[in-house]
Structures are given as structure tokens and as C-alpha cells.
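Notes follow once the structure below has been shown.
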Amino acid sequence: MRLFKTRSDATEACKNNRVTVNGAVVKPSKEVRVGEVVSVRRMPVVYSFRVLELVANRQPARNVPRYIEDVTPPEELLKLEMARAGAFAVRDRGAGRPTKKERRDIEELLAEFDDDAEME
């Protein structure tokens, strides 16, 4: 279903219990059926996809919407947005420690972000 870049990535995810079909942890050899929901845990989000149609052989990526439907709940996508928003505090490698002023600015931004999240 092209949820992973390579088959070995998909196999590893199954072995690490990050893939479920209809809520049950599966082995890499599990065959899916039409209508089943496949969930993939990629931190911090759990993506969910419904199987619409099965394929006999490998298909190009542009055909993916024909075979699966994204049914990921909006709450999960919100987690992804929150993680992206928190990335602004990351410093470039080799930039050293923040100065006292930079640290205060970062703390102020984080406090504003936390206040906005509490209001929602």
C-alpha cells in the first residue's frame, strides 16, 4: 500500500508492533482484505487507512488514492501540527549555547504558545 518507502521498513515496523489491522498487531506476512483499517504508528501520530481495493502487482505512487482512503482522525493530525510548531525552538547544529537574552526570548515564546494551547 506504499505506507513505507521500502519493504524492509514495513517489515521492521510490523516487527516493532507499529502496524495494526483493525486494532490487532500484525506480522509482516499478514494479508489485508478490502474494508480493513490499517493503522501505522509514526511518532507522534497514528495514521489510519482503509483498504478500498487490492492490487495484483506493484503500482506507481500516483495510483495510491485509488486503493486506500486516509481515515486518520483530525486529533491525530493536530498532534503533528503541534510537533511542527514546537520545532521553532530547535537551534542549528554548531550554534552553541543560547545567550541569556536568546534563552529568555525562547522561554517567552514557549510561554505564549502554552497559553494559546490552554485557551483552546
Can you tell me how far the [atom1] atom of [X] sits from the [atom2] atom of [Y], to the nearest 0.5 Å?
X: Arg50; Y: Ser39; atom1: CZ; atom2: OG; result: 10.5 Å
X: Leu3; Y: Asp70; atom1: CG; atom2: CG; result: 9.5 Å
X: Thr11; Y: Lys27; atom1: OG1; atom2: NZ; result: 13.5 Å
X: Thr99; Y: Lys101; atom1: OG1; atom2: NZ; result: 7.5 Å
X: Lys79; Y: Thr72; atom1: NZ; atom2: OG1; result: 11.5 Å
X: Lys30; Y: Cys14; atom1: NZ; atom2: SG; result: 11.0 Å

(Q) Just so I know, are the side chains of Val37 and Val71 near enough to count as touching, which here means a heavy-atom distance under 4.5 Å? (A)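 A side-chain contact under 4.5 Å exists here.
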
Q | Flag side-chain contact, heavy atom, 4.5 Å: Leu52 against Ile68 | A |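 When only atoms from C-beta onward are counted, Ile68 and Leu52 do not touch, as no gap falls below 4.5 Å.
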
Q: Count the heavy atoms belonging to other residues, nucleotides or ligands that lie under 6.0 Å from CD of Glu53, then report whether that count exceeds 12.
A: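 Above 12, so yes.
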
**Q.** Pair Glu69-Phe49, side chain to side chain contact (heavy atoms under 4.5 Å, CB included): steps then yes or no
**A.** CA-CA 5 Å; Glu69 174 188 12; Phe49 302 94; over 6 Å; no

State whether the side chain of [X] and the backbone N or O of [Y] hold a donor-acceptor pair below 3.5 Å, judged by distance alone.
X: Glu76; Y: Val46; value: yes
X: Asn22; Y: Glu36; value: no
X: Glu12; Y: Asp9; value: no

